[in-house]
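First comes the structure, then the notes that go with it.
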Amino acid sequence: MTVKVRFLGTGNAFADGGRSHACIHLEATGASLLLDCGGSSLPAIKKSMDPATLQAIAISHLHGDHFGGIPYFLMEQHFAGRKAPLAIGGPRELQQRATRAGEALFQDFFGKIAIDYGLSFVTLKDTPVSLGGAEVSALPVKHIAESDPHGLRVKIAGKLVAYSGDARWSEELVAVAKGADLFICESTHFSRSDPAHLSYRELIANRAKLDCGRIILTHLGAEAQAHLAELELEAAQDGMLLTL
Ligand SMILES: [Zn+2]
Ligand SMILES: [Zn+2]
């Protein structure tokens, strides 16, 4: 069984280099879900797939470049005539925040028109839950505390895909990455120190602590993009597709 990993958005919140906001598609037989759905995700999704085929969305934390695409996705699927249920997992306040965002963006839709496909929200925790044909759990990481930051662990078609979400270096990332076949890790910076984000240099300095296979960098800001040629780890780019 194989897992397709498609990087739909690999940029930071500022869309440095024109990269789209965080959005990664995981697909296997009977499974199809997004990891994060940032503000610019709907156009990125529609460039490469039919949104109706998505069963679920897992959100790492409550920043717009990671969950801001949800209102657009929900509304588009309503008017596209979606019938299949959609499950969305993420931080405890995700449903409330996504609803408020929807009401702010499309007051005429959210709160007035009932979404007529089965839409459900679930809080992701350290105990895995079924989501989009995969088993998904979330572990706390260090980022901006108000965003309720988590790393995600996704068991799909016998493979384990781990995703840092946004995080500065902490031992918590060791737990997120443990045993993963693929660890998708943020690397907002190349060497710049930031209390909210990782740099490539920090990740390399701690690489030996990570018990995981392949590592792919994402959430790349301008400084990291300027040093792409020097990276000893693979860096994602928008539209990149790989198979596990
Ligand atoms: Zn971010
Ligand atoms: Zn963030």
Side-chain angles (χ1 to χ4, degrees), residues 5-26 33-45 57-73 88-98 100-101 105 123-124 136 138-154 161-170 172-173 176-177 183-200 202-203 215-226 228 233 235-240:
V5 182
R6 193 184 298 271
F7 291 85
L8 299 172
T10 62
N12 60 356
F14 313 138
D16 286 345
R19 291 181 182 233
S20 198
H21 290 148
C23 190
I24 302 155
H25 180 221
L26 303 182
L33 71 160
L34 294 179
L35 306 185
D36 281 339
C37 184
S40 61
S41 292
L42 185 59
I45 292 165
I57 302 171
I59 299 294
S60 63
H61 69 296
L62 299 177
H63 274 155
D65 59 317
H66 296 259
F67 86 105
I70 289 176
Y72 293 93
F73 187 91
I88 305 180
R92 191 170 44 85
E93 291 186 10
L94 175 60
Q95 181 171 9
Q96 180 196 12
R97 292 281 298 275
R100 276 167 48 197
L105 292 167
T123 300
L124 297 177
V136 182
L139 300 178
V141 294
K142 295 280 190 296
H143 179 53
I144 307 291
E146 290 88 340
S147 70
D148 201 1
H150 287 77
L152 302 176
R153 288 168 59 82
V154 184
V161 177
Y163 170 47
S164 65
D166 282 359
R168 72 165 185 258
W169 174 260
S170 77
E172 287 161 329
L173 286 174
V176 170
F183 179 38
I184 301 166
C185 188
E186 82 123 290
S187 179
T188 303
H189 307 297
F190 177 71
S191 59
R192 214 182 99 197
S193 171
D194 184 330
H197 292 287
L198 262 170
S199 74
Y200 166 77
E202 288 166 319
L203 185 60
I215 295 178
I216 297 188
L217 308 179
T218 191
H219 205 272
L220 299 154
E223 189 218 13
Q225 290 177 42
L228 282 180
L233 295 170
Q237 53 186 318
D238 289 8
M240 188 171 108

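In listed order, ligands and their atoms are each counted from 1.
Looking at D166 and the Zn ion (ligand 2) together, the shortest N, O or S contact belongs to OD2. Minimum-distance N/O/S atom of H63 relative to the Zn ion (ligand 2): ND1.
Between C37 and C23, the closest heavy-atom pair is CA-SG, 4.4 Å.
Looking at E93 and L62, their side chains come closer than 4.5 Å, going by heavy atoms from C-beta outward.
H197 lies apart from the Zn ion (ligand 2) in this respect, since none of its N, O or S atoms is found at a distance under 2.8 Å.
S60 and H150 share no side-chain donor-acceptor pair at under 3.5 Å.
Around the Zn ion (ligand 1), the angle linking D65 (OD2) with H219 (NE2) is 100°, rounded to 10 degrees.
Here H61 and H143 bring their ring centres to under 6.0 angstrom of each other.
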